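Okay, so here's the structure we're looking at.
Atoms within a ligand are numbered from 1 in the order they appear, just like the ligands themselves. Along the sequence shown, residues carry numbers from 1. Nothing here was measured: the structure is a model prediction, and the numbers come from that model.
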Amino acid sequence: MIICKTIFNIYIDQEKNSSFTKANIVSNRVRFQLASDRMSEEWIQTSVRDYSKEINSRIIVVDKDNKVQLDSHNSFVGDKFYHDEIVEALKGENSSGIYNFKQSGRVMYISVPVIVNNKIVGAVLLSTSIEHIHDEVKHIWRKLELISGISMIVIAVIVFLFAGVILKPLNDLKNTINKVTQGHLEEKVNIKSNDEFKEVAEAFNMMITKLEEVDNQRKDFVANVSHELRTPLTSIKILSESLINQDTFDKDIYKEFLIDIDSEVDRLNNIITDLLTLVNLDKEKLILDNKVTYINYLLEKIVSRMEPIAKQKNIELKLILNEKIQIKIDEGRMQQAIINIIDNAIKYTQPEGIIEVELYKKEKHAIIKILDNGVGIPEDKLPYIFERFYRVDKARSRNTGGTGLGLSIAWEIITSHGGTIDVDSQVGVGSIFYIKLPLEK
Ligand SMILES: Nc1ncnc2c1ncn2[C@@H]1O[C@H](COP(=O)(O)OP(=O)(O)OP(=O)(O)O)[C@@H](O)[C@H]1O
Ligand SMILES: [Mg+2]
């Protein structure tokens, strides 16, 4: 409605301006005749009536006493006019007004003074119908209504279509999330578009794949743990049942069986200790109690601790310290990692074997090399030895009491220090483990 009023006002202003110009033209034409009272019929015809027809307005001229001297329609000649506009014009002001008459409809009155020698001698009143402006504005308004109606329908259709296009991938994502939440980790989002949604979908799919991996690892881990715990428990059960079922009491058999039970209990205890260590390493990966430590002294301490165990198998345990190396490490944890590797070297080396522990620097790294001339590891098994519960020779490991957790613990500790662990091994020749720790940490 405001637009309608604005358009109407613009038209009215235009009409008013042009009417003032026309009224001034008439005022100019009549001023001498009005002053001299000489108005011939011919002059009236040409100057007023014809012009009135031409501009489509009624022209009325009054003298300074408000008396109508000229009327293009003739009917008011001699009457006295006191319209506001004429009164104003006779005071020297241009004036205008809009009226709505029952008979003639909407009309605009324009009035200007007639001036001769700086004196107001009368006024011109132009009466113009503005019905056509109303019709015009109404017409424009109807067109506007039609255009805005069509535009709204078009916008609604576009919004509807786009909403479908935009919401579909979001809906797909939501449905997949719901399925994943219910445990279907094999579900993937399938978005064909090539925009940000695709990137989100890809990131989401990667996340589910990772989750699936972690979930499988967890299942494997639980299965392995149960298996490892069950084996000693089964032994204990068999041993204790056979003791219970013995009718006679043979002290030696009892002692022998109880020694076996005791060693199975030790085994259970070791497995549980290792498992707890791994769980703690998972939890505290980033909370290392790092202190500047001389690795030389740490290795001396470890080797003297392991020597008695090596001696039992007549294995020579040598320590070669080439230089003093200081490094920031969690001493307790690092000691455990190195012990696990030396413990393997002793475990998997025949009696009379040799083990060398060597420390040296190489390109901003401290290297701890642990060499043995033991059974060695087949090349195809090397990639797996750091996995939890992995053992190359399960039968032999059982005799040596291994669970397959020692190296995974060592690996966790060394990598959490920003280091790496590598192996070189040859079956029947021996193995070399390299622990590589960054010097500047
Ligand atoms: N120095 C080595 N020589 C030969 N084989 C080795 C050596 N170190 C490790 N292995 C092989 O790698 C496997 C994994 O070692 P890891 O220390 O993780 O387990 P484990 O020694 O069997 O048991 P745990 O250390 O948990 O008591 C071992 O079972 C063994 O087969
Ligand atoms: Mg081990």
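Contact record, Phe389 with Leu405: N-CD2, 3.9 Å, taken as the closest heavy-atom pair. Looking at every heavy atom in both residues, Glu352 comes nearest to Ile315 through N-CG1, 4.3 Å. Residue Ser72 comes nearest to Ser52 through the heavy atom pair OG-OG, 3.4 Å, listed as atom of the first residue, atom of the second, then distance. When all heavy atoms are compared, the tightest approach of Ser240 to Ile261 is N-CD1, 4.1 Å. Of all the heavy atoms in Lys361 and Glu323, the pair that sits closest is N-OE2, 3.2 Å.
The closest approach between a heavy atom of Asp372 and any atom of ligand 1 is below 4.0 Å. Ligand 1 has Phe433 within reach: a non-hydrogen atom of the residue lies less than 4.0 Å from it. Heavy-atom separations between Gly374 and ligand 1 are all 4.0 Å or longer.
Counting atoms of ligand 1 from 1 in the listed order, those under 4.0 Å from a heavy atom of Val375 are 4 (C). The distance from ligand 1 to the heavy atoms of Val392 drops below 4.0 Å at these ligand atoms: 11 (C), 29 (O), 31 (O). Near Ile385, meaning under 4.0 Å from any of its heavy atoms, are these atoms of ligand 1: 12 (O), 14 (C). For ligand 1, the atoms sitting less than 4.0 Å from at least one non-hydrogen atom of Gly406 are 16 (P), 17 (O), 18 (O), 24 (P), 25 (O), 26 (O), numbered in the order shown with element in parentheses. Listed by number with element, the atoms of ligand 1 under 4.0 Å from a non-hydrogen atom of Gly404 are 18 (O), 19 (O), 20 (P), 22 (O), 23 (O), 24 (P), 26 (O). Close contacts of ligand 1 with Ile377, meaning ligand atoms under 4.0 Å from a residue heavy atom, involve 4 (C), 5 (N), 6 (C), 7 (C), 10 (N). Every atom of ligand 1 is numbered from 1 in the order shown, and the set under 4.0 Å from a heavy atom of Tyr390 is 13 (C), 14 (C).
Between Leu407 and ligand 1, a contact under 3.5 Å exists for at least one N or O pair. Distances between N or O atoms of Asp343 and those of ligand 1 include no value under 3.5 Å. In terms of polar-atom proximity, defined here as any N/O pair under 3.5 Å, Arg391 makes no such contact with ligand 1.
A donor-acceptor pair under 3.5 Å is absent between the side-chain atoms of Ser27 and the main chain of Ala23, judged by distance alone.
Residue Leu437 forms a side-chain contact (heavy atoms from CB on, under 4.5 Å) with just one option from Lys328, His417, His365, and that option is His417.
The number of protein N, O or S atoms lying under 2.8 Å from the Mg ion (ligand 2) is 1.
By the 4.0 Å N-to-carboxylate-O rule, Glu213 lies close enough to Lys210 to be salt-bridged with it. Classification of Lys255 and Asp252 as a salt-bridged pair fails, no side-chain N sitting under 4.0 Å from a carboxylate O.
Under 4.0 angstrom from ligand 1, the non-hydrogen atoms of Lys347 all belong to its side chain.
One finds the OG1 atom of Thr349 at 4.5 Å from the CD1 atom of Ile355 (value rounded to the nearest 0.5 Å).
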(request) Applying salt bridge (charged side-chain N to carboxylate O under 4.0 Å, His left out), run through Glu412 and Arg388 and close with a yes or a no. (result) CA-CA 11 Å; Glu412 293 279 354; Arg388 293 173 183 190; 3.0 Å; yes
Mind listing the side-chain donor-acceptor pairs of residues 176-191 below 3.5 Å, one per line with the distance, residues two or more places apart or on another chain?
residue	atom	partner	partner atom	Å
Thr176	OG1	Asp172	O	2.8
Thr181	OG1	Ile177	O	2.5
His184	ND1	Glu186	OE2	3.4

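No cation-pi contact links Lys369 to Tyr360, judged by a cut-off of 6.0 Å to the six-membered ring centre and 45° from its axis.
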